[in-house]
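Remarks on the structure that follows.
Below, read A as the first sequence line, B as the second, and so on, with proteins coming before strands; counting in each chain starts at 1. A quick note: this is a predicted structure, and the numbers were derived from the prediction, not measured.
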Amino acid sequence: MAVTIVRLLAMLRHEYGDPHWWPGDTPFEVAVGAILTQRASWRNAEISIQNLKSSGRLSPGALVACPVAELEELVRSSGFFRQKARYLKAFSEFVVSAFDEDMERMKTRPTEELRDELLELPGIGRETADSILLYALGRASFVVDAYTYRLMGRLGYGQLGDYETVQAMFRRSLRSRVKDMSDLHALIVIHCKDKCRRIPDCPGCVLDRVCPSKRK
DNA sequence: TTCCAGGCGC
DNA sequence: GCGCCAGGAA
């Protein structure tokens with residue numbers, strides 16, 4: 001019997017404490033971070049965020065008005081900067097046209113509806129859409145990533161199924177508690193970068209006693 | 001499943 | 001040079 005998701009959360013919290021994940025002054029800043037950190041370290045995405053801030057471009061209106069070449073330079077540190085500049089443009093245009101430049105207005109709409117619309121945008125797939133919903137808007141939309149599959153696989157969950165299936169499993173287990181869902185995704189990332197790497201570093205792992213894949 | 005896209009640190 | 005990095009699209 002594999003460790004429960006609730007117990008997994010408790011064990012990771014005990015080990016790593018509050019992950020204080022995704023700092024950001026506004027929902028828009030969080031959403032921009034979600035796009036910039038795709039296949040890029042948060043460290044490098046953060047540099048781009050600072051560039052956008054200090055140049056006064058970190059708002060939907062300012063990004064729509066920003067020339068593409070300039071935007072590309074501002075987000076260069078995040079890698080894939082040509083695509084990401086386009087993605088930021090498209091997302092900003094969406095916020096401007098559908099929500100009058102104010103992401104707070106997204107909060108008046110149902111989660112599933114928002115998710116479908118986000119998925120229509122170029123460069124926003126399920127992970128990014130759920131990151132925006134969870135961390136920018138506080139919706140109960142768990143973020144499933146490669147680390148999630150790796151960790152749960154090693155913990156004995158077997159074949160996990162497709163993205164939405166895994167997401168539903170976490171949402172049920174955590175009873176849609178947004179704080180728990182936010183923390184657990186963050187803690188999974190932290191733990192997998194630290195210990196449950198591609199080649200695992202099992203000695204000293206906090207999950208040792210509940211992990212059937214441990215190597216001694 | 002496979003291809004794609006780049007900066008950064010070592 | 002080489003591997004890593006909070007994925008998306010075909």
Atom CZ of A:Arg43 to atom P of B:dC8: distance rounded to whole Å? 10 Å
Name the residue closer to the 5' end of DNA chain C, choosing between A:Thr128 and A:Ser41 according to the nucleotide with the nearest heavy atom. A:Ser41
Rounded to the nearest angstrom, tell me the gap between atom CG in A:Leu74 and atom P in B:dG7. 15 Å
Can you check the A:Tyr163 OH to C:dA9 P distance for me, whole Å? 13 Å
Pairwise 5' ranking along DNA chain C for A:Leu119 and A:Ser131, keeping only the more 5' one: A:Ser131
May I ask you to say what A:Tyr87 touches in the nucleic acid, namely base, sugar-phosphate or nothing, with a heavy-atom cut-off under 4.0 Å? nothing
Looking only at atom C1', what distance separates B:dA5 and C:dG3, rounded to whole Å? 16 Å
d(CD1, A:Ile35; P, C:dG8) in whole Å: 10 Å
Hey, does the Lys NZ or Arg CZ of A:Arg171 hover above the aromatic six-ring of A:Phe142, less than 6.0 Å from the centre and inside 45° of the axis? no
Salt bridge check: are A:Asp18 and A:Lys179 linked by an N-O gap of less than 4.0 Å? yes
Using the C1' atoms only, state how far C:dC5 lies from B:dC4, rounded to an integer number of Å. 15 Å
Can you tell me the distance, in whole Å, between the CG atom of A:Asn44 and the P atom of C:dG7? 13 Å
Please determine if A:Lys84 and A:Glu72 form a salt bridge, counting it only when a charged side-chain N lies under 4.0 Å from a carboxylate O. no
A:Phe28 and A:Phe91 aromatic ring geometry - parallel, tilted or perpendicular at 30°/60° bounds: parallel
Could you state the atom-to-atom distance from CZ of A:Phe81 to P of C:dC5 in whole Å? 22 Å
With a cut-off of less than 4.0 Å, is there a side-chain N or O of A:Arg76 near OP1 or OP2 of B:dC8? no
Would you say A:Arg82 reaches B:dG6's phosphate, i.e. side-chain N/O to OP1/OP2 under 4.0 Å? yes
Could you state the CD1-P distance from A:Ile47 to C:dC5, rounded to the nearest angstrom? 16 Å
Within the structure provided, determine whether A:His191 and A:Leu151 are in side-chain contact (heavy-atom separation under 4.5 Å). yes
Counting only side-chain heavy atoms from C-beta out, which of C:dC4, C:dG7, B:dA5 sits nearest to A:Arg198? C:dC4
Interatomic distance, A:Arg39 CZ vs C:dG3 P [rounded to whole Å]: 14 Å
